[in-house]
Asks: 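Got a structure for you, written out below as structure tokens; questions coming shortly.
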Protein chains: 2
Amino acid sequence: MAAIPELSDRAQHLLKVLTERYIREGQPVGSRTLARDTGLKLSPATIRNVMADLEDLGLVESPHTSAGRVPTVAGYRMFVDSLLTVRPLDLDEVERLKSSLEIEAESRELVESASGLLSDITRLAGVVTLPRREHAALQRVEFLPLSGRKVLAILVVNEQEVQNCIIETERLCSPAELQQASNYLNEQFAGKELATVRARLVRELRETRDHLDRMMGTALDMADRVLGSAEEGGDYVLAGQANLLEFDELCSVSTLRQLFEAFDEKRHILKLLDQCVHSEGVQIFIGEESGYRMLDECSVVTAPYSVEGEVVGVLGVIGPTRMAYERVIPIVDATARVLGAALNPRD
Amino acid sequence: MAAIPELSDRAQHLLKVLTERYIREGQPVGSRTLARDTGLKLSPATIRNVMADLEDLGLVESPHTSAGRVPTVAGYRMFVDSLLTVRPLDLDEVERLKSSLEIEAESRELVESASGLLSDITRLAGVVTLPRREHAALQRVEFLPLSGRKVLAILVVNEQEVQNCIIETERLCSPAELQQASNYLNEQFAGKELATVRARLVRELRETRDHLDRMMGTALDMADRVLGSAEEGGDYVLAGQANLLEFDELCSVSTLRQLFEAFDEKRHILKLLDQCVHSEGVQIFIGEESGYRMLDECSVVTAPYSVEGEVVGVLGVIGPTRMAYERVIPIVDATARVLGAALNPRD
DNA sequence: TGTTAGCACTCCCAAGCCCCGAGTGCCAAA
DNA sequence: TTTGGCACTCGGGGCTTGGGAGTGCTAACA
């Protein structure tokens with residue numbers, strides 16, 4: 001964005017107080033209120049002058065002539081970037097997070113409770129992507145014969161995740177053949193990264209095609225397909241949409257409709273969240289910044305979470321631009337850490 | 001409910017036309033309109049007399065003095081029970097269903113697309129419970145050692161479902177021990193029903209406690225815990241909530257809030273759906289009939305779906321009482337069949 | 001030069017009002 | 001039993017009005 005023009009301390013302070021108040025009350029704040037609220041001994045008239053300046057800079061605006069001022073997106077931006085003092089979470093809230101997530105559970109359940117927690121604590125919508133590891137170690141492969149040519153393939157990765165899928169082989173395989181195939185794969189690839197495995201499989205598949213060890217071909221093919229399906233996808237869990245109904249500014253039917261359709265559709269939200277995988281720490285999209293029109297009225301606060309040092313997913317909250325960033329940011333941050341810890345295989 | 005008092009054919013016909021029209025237009029329908037709409041050659045005044053009767057019987061009501069009439073819950077009930085002529089689905093819609101669901105996919109994905117389909121086609125909210133078998137045959141058990149005392153237990157049931165969970169053993173088990181344990185379980189129990197397995201495990205656990213074959217004890221214990229976790233739960237997938245925003249009658253913020261909170265909460269909706277497991281065929285809850293206040297303004301149309309003759313789940317749609325039952329009922333019915341078929345392990 | 005008081009002005013919004021249309025209930029006649 | 005007629009009711013749209021909140025501007029003041 002354009003460089004921030006120098007802004008007097010007083011103006012900054014006023015912007016801060018105005019934003020805080022607007023976030024708290026949800027109503028445009030006028031010069032009189034502001035004069036009272038801020039510590040400074042200034043008359044409303046003076047405040048008005050400052051406000052006019054802030055408005056020229058595009059940091060605040062007024063919905064109509066005789067209403068107070070409201071922060072613009074740029075105003076919020078400056079607020080969160082340089083005016084906000086984020087204080088860490090209350091202890092009991094951290095504890096609440098921990099105790100809710102330190103249970104032993106499957107990753108999906110953990111993700112679901114994390115998303116529920118986020119929405120409960122922030123009273124906004126909570127969203128958590130399912131963890132997905134780029135660098136995943138294959139631990140074990142198992143093929144179980146089903147009826148006909150169908151085979152159930154089970155893939156254990158990363159010591160605790162289990163992927164499974166049904167694949168159809170080109171011809172009927174005996175249980176012994178399947179056993180052999182899985183033995184081979186386990187011997188060759190246990191502990192290797194999925195990506196490596198895949199690469200090697202593809203190469204070997206080409207090499208062995210000549211002497212047509214059909215058994216092996218099938219096995220590789222199966223494994224390849226399993227890996228394929230294990231890698232695709234990406235999904236998230238959303239909770240607390242109902243909370244968004246509390247906010248008047250979102251409550252127009254058309255806004256709501258767009259928003260909820262986006263939640264249903266998932267594609268866009270996922271894309272937005274995926275952007276946050278690579279940035280470390282909390283990231284904030286205010287209003288139009290997200291680049292998605294249905295989120296124009298919303299802000300999104302995200303943080304990636306990691307397992308064993310590798311970022312595997314993103315979580316965050318979605319709410320009106322007028323959200324309590326001060327509170328939300330540390331919550332999102334802490335939840336990401338706690339979820340990461342809870343997902344960690346080491347005890 | 002009270003027995004339906006005899007109702008002249010004419011009155012029935014008028015109720016039918018009125019309900020159909022109200023469902024279509026969403027506005028109270030008056031005597032003039034009704035006189036025009038229905039085939040009968042009757043004057044508005046006559047219609048009014050009939051209307052007064054229907055109102056006395058509690059089948060219709062008017063929102064206020066000078067509005068037309070609207071069906072009451074009892075009116076809708078009579079409508080769907082005895083006035084409705086459900087014609088089967090259009091062929092192309094059945095095809096659409098089939099082609100969308102006949103893909104090979106995991107059960108969860110199938111459920112998700114079924115729910116998406118329901119909501120797309122009906123333009124209401126679609127809901128599908130995850131399939132859960134009471135009578136499930138254990139096919140295979142596998143224990144994989146993780147770090148420390150943790151063990152990953154994998155349970156294959158019904159030829160294609162895989163359950164897995166992490167359990168912590170009381171002491172460190174060697175891979176060989178685990179192998180032994182799973183071998184034992186597989187030999188003893190493969191093909192048996194989960195319930196049977198559980199019962200036998202409990203009994204054997206008691207008997208062997210004396211001579212304390214610790215290995216076996218641990219194995220049984222583990223299996224028991226896995227079974228336990230496999231049996232609990234119950235969840236559903238919801239799609240198309242956004243569609244509900246189209247309906248004015250639901251668009252009050254408080255109604256919406258209640259509704260969406262119920263979706264989030266899941267408990268109540270699940271309980272309602274569970275009731276439908278035992279009734280065969282399509283079941284309909286109109287307004288308050290569901291017994292849940294947040295669904296007072298809604299109707300729910302459900303149908304159980306089954307795999308191999310056993311009912312394993314319920315699907316349905318949720319929408320305003322003023323929904324196109326005529327269209328929705330066959331859709332729900334057909335989707336249940338198609339989903340059941342898609343989940344069927346036999347090819 | 002920065003701050004303040006005063007003042008005219010703008011705009012939103014809620015309240016009140018009126019009127020219209022739609023639809024009813026009832027009665028008396030066919 | 002059906003119908004036409006008529007008085008009545010009610011909700012909603014459109015209009016006006018008054019008040020309140022807040023602004024911008026200007027002129028005076030420290």
Side-chain angles (χ1 to χ4, degrees), chain A residues 5-15 17-19 21-22 24-72 75 248-249 251-253, chain B residues 6-15 17-19 21-22 24-72 75 248-249 251-252:
Chain A
E6 60 265 44
L7 202 54
S8 75
D9 282 357
R10 192 174 66 180
Q12 287 194 21
H13 181 235
L14 281 175
L15 176 59
V17 176
L18 178 140
T19 309
R21 173 143 193 135
Y22 179 66
R24 212 163 352 105
E25 313 274 338
Q27 305 246 309
V29 6
S31 54
R32 178 196 276 349
T33 326
L34 213 46
R36 213 183 321 108
D37 255 39
T38 182
L40 315 176
K41 291 217 178 304
L42 291 175
S43 77
T46 314
I47 307 277
R48 282 203 287 277
N49 290 329
V50 182
M51 283 319 184
D53 295 347
L54 288 178
E55 187 152 0
D56 287 344
L57 293 172
L59 296 171
V60 300
E61 67 191 349
S62 57
H64 60 262
T65 328
S66 91
R69 300 307 210 295
V70 159
T72 61
D248 305 352
E249 57 259 58
C251 266
S252 99
V253 175
Chain B
E6 60 265 45
L7 202 54
S8 75
D9 283 357
R10 192 174 65 181
Q12 287 194 20
H13 182 234
L14 282 175
L15 176 59
V17 176
L18 178 140
T19 308
R21 171 142 196 138
Y22 178 65
R24 214 165 349 109
E25 314 274 338
Q27 305 247 311
V29 5
S31 53
R32 178 195 271 359
T33 327
L34 213 45
R36 212 183 322 107
D37 254 38
T38 181
L40 316 176
K41 291 216 177 306
L42 291 176
S43 77
T46 314
I47 306 277
R48 282 204 287 276
N49 290 329
V50 182
M51 281 320 183
D53 295 347
L54 288 177
E55 187 152 0
D56 288 345
L57 293 173
L59 295 172
V60 300
E61 67 191 349
S62 56
H64 59 262
T65 327
S66 89
R69 301 306 209 296
V70 160
T72 61
D248 304 352
E249 57 260 55
C251 266
S252 97

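To find a chain, count down the sequence lines: A is the first, B the second, and so on, and within it residues start at 1.
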Asks: Identify the two heavy atoms, one from A:Val70 and one from A:Leu18, that lie closest to each other, and give their separation to 0.1 Å.
Replies: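 Closest approach of A:Val70 to A:Leu18, heavy atoms only: C-CD2, 4.3 Å.
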Asks: In a check of side-chain contact (heavy atoms from CB on, under 4.5 Å) between A:Val60 and each of A:Asp53, A:Val50, A:Leu54, which one passes?
Replies: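 Answer to the side-chain contact (heavy atoms from CB on, under 4.5 Å) test with A:Val60 among A:Asp53, A:Val50, A:Leu54: A:Leu54.
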Asks: Evaluate A:Arg10 against A:Thr46 for side chain to side chain contact (heavy atoms under 4.5 Å, CB included), listing each step before the verdict.
Replies: CA-CA 11 Å; A:Arg10 192 174 66 180; A:Thr46 314; 4.1 Å; yes
Asks: Got a sec? Which of residues 28-47 of chain B come in under 4.0 Å of DNA chain D, heavy atoms?
Replies: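 Going residue by residue through residues 28-47 of chain B, the ones with a heavy atom under 4.0 Å of DNA chain D turn out to be B:Lys41, B:Leu42, B:Ser43, B:Ala45, B:Thr46.
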Asks: Distance under 4.0 Å to a non-hydrogen atom of chain A counts as contact; along DNA chain C, which nucleotides mark the start and end?
Replies: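 Range of nucleotides touched by chain A: C:dT3 to C:dC12.
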Asks: Within residues 63-70 of chain B, find the residues that approach DNA chain D with a heavy atom at under 4.0 Å, and present them sorted by residue number.
Replies: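 Nucleic-acid contacts, sorted: B:His64, B:Thr65, B:Ser66.
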Asks: Which heavy atom in B:Pro63 sits nearest to a heavy atom in B:Gly68, and how many Å separate them?
Replies: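 Answer, listing the atom of B:Pro63 first, then B:Gly68: CD-O, 3.5 Å.
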Asks: Taking the side chain from A:Ser31 and the backbone from A:Ile47, do they hold a donor-acceptor pair closer than 3.5 Å?
Replies: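 No; judged by distance alone, with no hydrogens or angles, the pair does not exist.
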Asks: Donor-acceptor pair, A:Thr38 side chain versus A:Leu14 backbone, under 3.5 Å?
Replies: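 Pair absent, no side-chain N/O of A:Thr38 close to backbone of A:Leu14.
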Asks: On DNA chain D, reading 5' to 3', which nucleotide is the first and which the last to sit with an atom under 4.0 Å from a heavy atom of chain B, could you check?
Replies: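 Extent of the interface on DNA chain D: D:dT2 to D:dG11.
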Asks: Considering all heavy atoms of both residues, which atom of A:Pro71 and which atom of A:Tyr22 are nearest to each other, and what is their separation?
Replies: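 Result for this residue pair: CD-CD2, 3.6 Å.
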Asks: Using side-chain heavy atoms (C-beta onward) and a distance below 4.5 Å, is A:Arg21 in contact with A:Leu34?
Replies: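 Not in contact.
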Asks: Report the residues that fulfil side chain to side chain contact (heavy atoms under 4.5 Å, CB included) with A:Ala52, sequence neighbours left out, ordered by chain and then residue number.
Replies: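 Partners of A:Ala52 by the side chain to side chain contact (heavy atoms under 4.5 Å, CB included) criterion come out as none, since no residue qualifies.
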Asks: Look only at the side chain of B:Ser62 and the backbone of B:Thr65, and say whether a donor-acceptor pair between them is shorter than 3.5 Å.
Replies: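 A pair under 3.5 Å: no.
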Asks: For B:Gln27, enumerate each residue passing the side chain to side chain contact (heavy atoms under 4.5 Å, CB included) test, keeping only those at least two apart in sequence or located in another chain.
Replies: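 Residues passing side chain to side chain contact (heavy atoms under 4.5 Å, CB included) with B:Gln27: none at all.
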Asks: State whether the number of non-hydrogen atoms from other residues, nucleotides or ligands found under 6.0 Å of B:Asp9 atom CG is greater than 12.
Replies: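 Not buried by this count: 12 neighbours or fewer within 6.0 Å.
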